[in-house]
Colleague: 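Attaching a single structure in structure tokens format; questions to follow.
Heavy-atom basis, side chains included; hydrogens, waters and symmetry copies ignored. Reminder, nothing fancy here: chain letters follow the sequence lines and each chain counts from 1.
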Number of protein chains: 2
Amino acid sequence: MTDDRSFDLQGFLPYLLAQAAEASSLKFQRHYKDRYGMLRTEWRVLFHLGRYGPMTAKQLGDRAGVHKTKISRAVTALGDKRFLTRHVVADDRRQAALHLTKAGTAAFEELYGAARAFDQQLMALFSGTEGDALKRCLTQLAKI
Amino acid sequence: MTDDRSFDLQGFLPYLLAQAAEASSLKFQRHYKDRYGMLRTEWRVLFHLGRYGPMTAKQLGDRAGVHKTKISRAVTALGDKRFLTRHVVADDRRQAALHLTKAGTAAFEELYGAARAFDQQLMALFSGTEGDALKRCLTQLAKI
DNA sequence: GGATATTAGTTGATTTTGTAACTAACAAGG
DNA sequence: CCTTGTTAGTTACAAAATCAACTAATATCC
């Protein structure tokens, strides 16, 4: 290993990832936080239910890769906002299927559109091939 | 705007960034957290002081883009670990220059090496041009 | 020089996250 | 059945991040 000091935080991949993630997250927050008072996990839960339909908290957590306590709190918060209802599963009363309400679906529709638009806005910074490569790299890094 | 539902969280850039950032951060934590009991901001402060030499908390915060309360707490923690000392600036007693101690420098040296190695390990996932492009994209996104 | 405004840094209160322990319901083996 | 083990989900407590208010020192303007 060389002894020089040319290596810098600006070149350290985890740092760059954290900076880019924080910047984009802060910017997109305005849609779900300012407008609906949601936290990030709430937005993710809403997204999954809107995009894939009703499912239990367990299925949500598995699919989204989010811990069950976070899911539980997000579900409670979304319930308080009247964005979803719980329907206990008939043959296993531990589980409850989560259904978006009308209001929840409306919020999802708006945020889904905002997300697509924001993604396009970000991707416009890059050429098509560059942007595709970026997403592939990030997907790979997420699995590390 | 089209009405289809093909767009997915896995394709949403802020989500991908968050996942990749969290994964890499969790993996690198082991160096500064498990070994030295440091938090991420402490590691960043240590890095800046080791890499660029003594400076005040204000300069640190400006350079690292970190809020002063986070800097203040990280500096206190690093002081408790005897990794740095404060030297009040003679002609402005509000400010204090932060100097790494011998132990602080040693920790920096080790973590600096670990960071370089970890960066190389991550970058080995990609081709040279791909990795370079990735870092350029991330740098751009950090400024959004 | 003295009132007012700024700046560096700290502290405290509130919110959010992470971790572990817990309850309730079901499953399996005897 | 009935003990033991698992699973879904919640709750309680600790660690950490965020934001506002504060102190002390300096700068500015009249």
Side-chain angles (χ1 to χ4, degrees), chain A residues 18-19 21-23 25-27 29-30 32-34 36-46 48-49 54-81 84-99, chain B residues 18-19 21-23 25-30 32-34 36-45 48-49 54-81 84-99:
Chain A
Q19 297 293 107
E22 196 190 330
S25 172
L26 275 176
K27 241 194 163 194
Q29 263 193 23
R30 132 186 120 72
Y32 60 80
K33 189 175 178 188
D34 296 357
Y36 294 105
M38 282 189 217
L39 261 28
R40 191 158 53 141
T41 308
E42 292 170 51
W43 144 242
R44 283 197 191 169
V45 165
L46 185 80
H48 278 268
L49 292 176
M55 63 183 92
T56 69
K58 173 74 165 85
Q59 292 170 315
L60 250 168
D62 287 349
R63 189 191 276 270
V66 175
H67 195 267
K68 60 182 182 175
T69 64
K70 271 173 106 166
I71 297 281
S72 173
R73 292 197 260 243
V75 166
T76 300
L78 289 172
D80 291 347
K81 294 184 179 73
L84 60 76
T85 54
R86 306 149 56 78
H87 302 264
V88 172
V89 174
D91 54 327
D92 184 348
R93 301 209 314 284
R94 287 172 303 181
Q95 303 178 54
L98 305 166
H99 290 253
Chain B
Q19 297 293 107
E22 196 191 329
S25 172
L26 275 177
K27 238 193 166 195
F28 188 67
Q29 262 194 22
R30 133 186 117 74
Y32 59 81
K33 189 174 179 191
D34 296 357
Y36 293 105
M38 282 188 216
L39 260 29
R40 190 159 55 143
T41 307
E42 293 171 51
W43 144 242
R44 283 197 191 171
V45 165
H48 277 268
L49 292 176
M55 63 183 92
T56 69
K58 174 75 165 86
Q59 292 171 315
L60 250 167
D62 288 348
R63 189 192 277 271
V66 175
H67 195 267
K68 60 182 181 174
T69 64
K70 270 171 106 169
I71 297 281
S72 173
R73 284 175 170 130
V75 166
T76 300
L78 289 172
D80 290 348
K81 292 183 178 76
L84 60 76
T85 54
R86 308 144 153 292
H87 302 264
V88 172
V89 174
D91 56 326
D92 185 346
R93 300 211 314 284
R94 287 172 303 184
Q95 303 179 55
L98 305 165
H99 291 254

Colleague: Determine the contact category for B/T69: base if any of its heavy atoms lies under 4.0 Å from a base atom, sugar-phosphate if only primed atoms, P, OP1 or OP2 are that close, otherwise nothing.
Modeller: base
Colleague: From B/Q95 CD over to B/T56 OG1, what is the distance, rounded to the nearest 0.5 angstrom?
Modeller: 5.0 Å
Colleague: From CZ of B/R86 over to C1' of C/dG9, roughly how many Å is that when rounded to an integer?
Modeller: 8 Å
Colleague: When the nearest nucleotide of DNA chain C is assigned to A/L39 and to A/K68 on a heavy-atom basis, which residue is associated with the more 5' position?
Modeller: A/L39
Colleague: To the nearest angstrom, how far is A/K70 atom NZ from D/dG9 atom P?
Modeller: 18 Å
Colleague: Taking atom P of C/dT10 as reference, at what distance in whole Å does atom CD1 of B/I71 sit?
Modeller: 11 Å
Colleague: Measure the distance from CZ on B/R44 to C1' on D/dA17 and round it to the nearest whole Å.
Modeller: 13 Å
Colleague: Would you check if the side chain of B/S72 reaches a backbone N or O of B/K68 as a donor-acceptor pair within less than 3.5 Å?
Modeller: no
Colleague: Ignoring the backbone of B/R73, work out which of C/dT11, D/dG9, C/dT10 is nearest its side chain.
Modeller: C/dT11
Colleague: Could you check how far CD of B/E22 sits from P of D/dA16, rounded to whole Å?
Modeller: 16 Å
Colleague: Base, sugar-phosphate or nothing for A/R40? Non-hydrogen atoms, less than 4.0 Å.
Modeller: nothing
Colleague: Atom CG of B/L26 and atom P of C/dT19: how far apart are they, to the nearest Å?
Modeller: 9 Å
Colleague: Nearest-Å distance, NE2 (A/H67) to P (C/dA21)?
Modeller: 13 Å
Colleague: DNA chain C: A/R94 or B/A57, which has the more 5' nearest nucleotide?
Modeller: B/A57
Colleague: Check whether any side-chain heavy atom of A/V66 sits under 4.5 Å from a side-chain heavy atom of A/L60, and report yes or no.
Modeller: no
Colleague: At less than 4.0 Å, is any side-chain N or O atom of A/S72 found next to OP1 or OP2 of D/dT10? Yes or no.
Modeller: yes
Colleague: Taking the side chain of A/D92 as its heavy atoms from C-beta onward, which of C/dA25, D/dG9, C/dT16 lies nearest to it?
Modeller: C/dA25
Colleague: Kindly assign one of parallel, tilted or perpendicular to the pair A/W43 and A/Y32, based on the angle between their ring planes and the thresholds 30° and 60°.
Modeller: parallel
Colleague: Start with the C-alpha distance between B/L78 and B/M38, add both sets of side-chain angles, then the distance that settles side chain to side chain contact (heavy atoms under 4.5 Å, CB included), and finish with yes or no.
Modeller: CA-CA 8 Å; B/L78 289 172; B/M38 282 188 216; 4.2 Å; yes
Colleague: Report the residue (A/T76 or A/K33) whose heavy-atom-nearest nucleotide on DNA chain D is the more 5′ of the two.
Modeller: A/T76
Colleague: Starting at CD of A/Q29 and ending at P of C/dT16, how long is that distance when rounded to a whole Å?
Modeller: 11 Å
Colleague: Using the side-chain heavy atoms of B/R93, tell me which of these nucleotides is nearest: D/dA25, D/dT6, D/dT18.
Modeller: D/dA25
